[in-house]
Amino acid sequence: MDADAVLAEQQRLAALQPSAWYPERTPLEVAAAVVTYGCGGQGHSGADEPAWASAVLLRGSQLIAARVLEGVARAGYVPALLAVREGPLLAAAVESLGTRPDVLLLAAAGRDHPRRAGLALHLGAMLDVPSIGVTDRPLLARGAQPGAHRGDTSPLLLHGAEVARWVRTATGVRPLAAHAAWRTTATVAATVLLTTTSGVRTPQPLREARRLAREARDRRRVERPGW
DNA sequence: GCGACAG
DNA sequence: ATCTTGTCGC
C-alpha cells in the first residue's frame, strides 16, 4: 500500500461510524505493537531501514503471547503519514499473534489527525480490533495540561471535538495523550490507559513490546555489526 | 541558534 | 524513533 492508497483509505475510514466498544471483561486482554529501528547513528527517519516489529498480548498483567519480526521500513517518516512507514510491519506483527485481543494499543494518534484517521485508527480498522493510541504529545489537538496526580485528565480538542485526552498516568511524570481510535472514544482510551499503568508512566503492554523489539535489534547488532 | 505535526 | 547533553525560552 503506497502513500496515495493510505491517504484514500484514511479518508474512507474517517467517514465510517463503527459501533462503539467498551471494556467489559476483567481482566482485559490488551495487545500492543511497536516498531524499532536500527542503523546506528542519530536520527532514524529514512526509507529502507532495517526494523523490528513486535506484538504482545497481556491478560491483566500476565504476558500470554509475544512475537518479534525483522523487516524493513519501506518509507521514511513523514508527519501524518506514519501509517505508510509503520503500518505494514505493525499489521504483520499483530497478525502473527494469531489471537484476537479485546483492544490494541499503538504508539500513534487516532482521530487526532489531519484526515481524522491516524495510524492507531487505521490499523484497528484494518485488523478489525478496537484500538487506542498512546503518545507523548498530540499531533494536532490542543488542550490545557491535566492536574499533577495519577488519574488527572484534561481534554485534547481538534476543531471543537475531543479526539484525545491528556492522562497523568503516575504522579510526578509527564502526562501521556490517550487517543480515540477505531471504535473507541477519548474516555475509553483514557480508561484503558489507566488500567494498564500501575506505578509506571507507560502502559505495560507497550513497555513489554518495546523491550522485546529492542532486545531483538540489539542482539542482531552484535551478530551483524554495521547493518 | 533551531524547534515545537504521532514514531 | 534514536542518541545525548543539559535542566530553558523567543
When all nucleic acid strands are considered with a 4.0 Å heavy-atom cut-off, which category describes A:Leu90: base, sugar-phosphate, or nothing? nothing
Using the side chain to side chain donor-acceptor pair (under 3.5 Å) rule, collect all pairs that involve residues 90-100 of chain A, keeping only residues at least two apart or in two chains. none
When A:Arg67 is tested against each of A:Leu212, A:Val56, A:Leu97 for side-chain contact (heavy atoms from CB on, under 4.5 Å), which residue passes? A:Leu97
Sorted by chain and residue number, the salt bridge (Lys or Arg N to Asp or Glu O under 4.0 Å) partners of A:Arg74 (sequence neighbours excluded) come out as none
Produce the list of close N/O pairs, under 3.5 Å, pairing protein atoms with atoms of nucleotides 6-8 of chain C; give distances to one decimal.
none

Taken to the nearest whole Å, CD/A:Gln145 to C1'/B:dA4 is 13 Å
Grab the stems for DNA chain C, please: at least three consecutive Watson-Crick or wobble pairs, both distances below 3.5 Å, written as range with range. none
Specify the residues of residues 166-177 of chain A, ordered by number, for which at least one heavy atom lies under 4.0 angstrom from an atom of DNA chain B. none
Give, for atom OG1 of A:Thr195 and atom CD of A:Gln204, the distance between the pair rounded to the nearest 0.5 Å. 11.5 Å
Could you tell me whether the side chain of A:His179 reaches within less than 4.5 Å of the side chain of A:Ile132, counting heavy atoms only? no
Integer-rounded Å distance: C:dA1 C1' and A:Arg85 CZ: 7 Å
Closest to the side chain of A:Leu140, out of B:dC5, B:dA6, C:dA1, is B:dC5
Is the ring of A:Tyr77 stacked on the base of C:dA1, with centres less than 5.5 Å apart and planes under 30° off? no
If you compare all heavy atoms of A:Ala3 against all heavy atoms of A:Val84, which two are closest, and at what distance to 0.1 Å? CA-CG2, 3.9 Å
Who passes salt bridge (Lys or Arg N to Asp or Glu O under 4.0 Å) against A:Arg12, sequence neighbours left out? A:Glu9
Side chain to side chain donor-acceptor pair (under 3.5 Å) pairs, two or more places apart, involving residues 139-152 of chain A: A:Arg150-A:Thr197
Under a side-chain separation threshold of 4.5 Å, the hydrophobic residues clustered together with A:Trp166 are A:Leu156
Pair A:Arg201 + A:Asp136: basic N to acidic O under 4.0 Å: yes
A:Leu7 and A:Arg115, any side-chain heavy atoms less than 4.5 Å apart: yes
Give me the distance, rounded to whole Å, that separates B:dG7 from C:dT5 when you measure between the P atoms they each carry. 23 Å
For A:Leu139 and B:dA6, give me the distance from atom CG to atom P, rounded to whole Å. 6 Å
In whole Å, I'd like the distance from the CZ atom of A:Arg116 to the P atom of B:dC5. 17 Å
Runs of at least three consecutive Watson-Crick or G-U pairs, both distances under 3.5 Å, are what I'm after; which ones involve DNA chain B? none
Gap between atoms NE2 and P, on A:His179 and B:dG7 respectively (whole Å): 7 Å
For A:Glu49 and B:dG7, what is the distance between atoms CD and C1' respectively, to the nearest whole Å? 11 Å
What distance, rounded to whole Å, do you find between the two C1' atoms, one in C:dG9 and one in B:dG1? 12 Å
Expressed as a whole number of Å, how far does the P atom of B:dC5 sit from that of C:dG6? 26 Å
Counting only non-hydrogen atoms, which of residues 105-115 of chain A are less than 4.0 Å from DNA chain B? A:Ala107, A:Ala108, A:Ala109, A:His113
With the 4.5 Å side-chain cut-off for hydrophobic clustering, are A:Met126 and A:Leu82 part of the same group? yes
For the pair made of NE2 in A:His122 and P in B:dG7, what is the distance, rounded to whole Å? 18 Å
Please report the closest heavy-atom contact between A:Ser54 and A:Ala213, naming both atoms and the distance. OG-CB, 3.8 Å
Name every donor-acceptor pair, under 3.5 Å, that has one atom in a side chain of residues 101-109 of chain A and the other anywhere in the protein, sequence neighbours excluded.
unit_1   : atom_1 : unit_2  : atom_2 : d
A:Asp102 : OD1    : A:Arg25 : NH2    : 2.7
A:Asp102 : OD2    : A:Arg25 : NE     : 3.3
A:Asp102 : OD2    : A:Arg25 : NH2    : 3.2
A:Asp102 : OD2    : A:Glu29 : N      : 2.7

With the side chain of A:Arg137 defined as its heavy atoms from C-beta on, choose the nearest nucleotide among B:dA6, B:dC5, B:dG7. B:dA6
Measure the spacing between CD of A:Glu86 and OH of A:Tyr77 and express it to the nearest 0.5 Å. 9.0 Å
Under 4.0 Å between a side-chain N or O of A:Arg210 and OP1 or OP2 of B:dG7? no
Without decimals, in angstroms, what is the distance between A:Arg217 CZ and C:dC3 C1'? 11 Å
Check whether any side-chain heavy atom of A:Thr169 lies under 4.5 Å from a side-chain heavy atom of A:Pro175, and answer yes or no. no
Distance between C1' atoms of C:dC10 and B:dC2 (Å, rounded): 11 Å
Under 3.5 Å, which donor-acceptor pairs link side chains of residues 180-187 of chain A to any protein atom two or more places apart or in another chain?
unit_1   : atom_1 : unit_2   : atom_2 : d
A:Arg183 : NE     : A:Ser19  : O      : 2.8
A:Arg183 : NH2    : A:Ser19  : OG     : 3.2
A:Thr184 : OG1    : A:Ser131 : O      : 2.6
A:Thr184 : OG1    : A:Ala181 : N      : 2.9
A:Thr185 : OG1    : A:Thr187 : N      : 3.4
A:Thr185 : OG1    : A:Val188 : N      : 3.1
A:Thr187 : OG1    : A:Arg165 : NH2    : 3.0

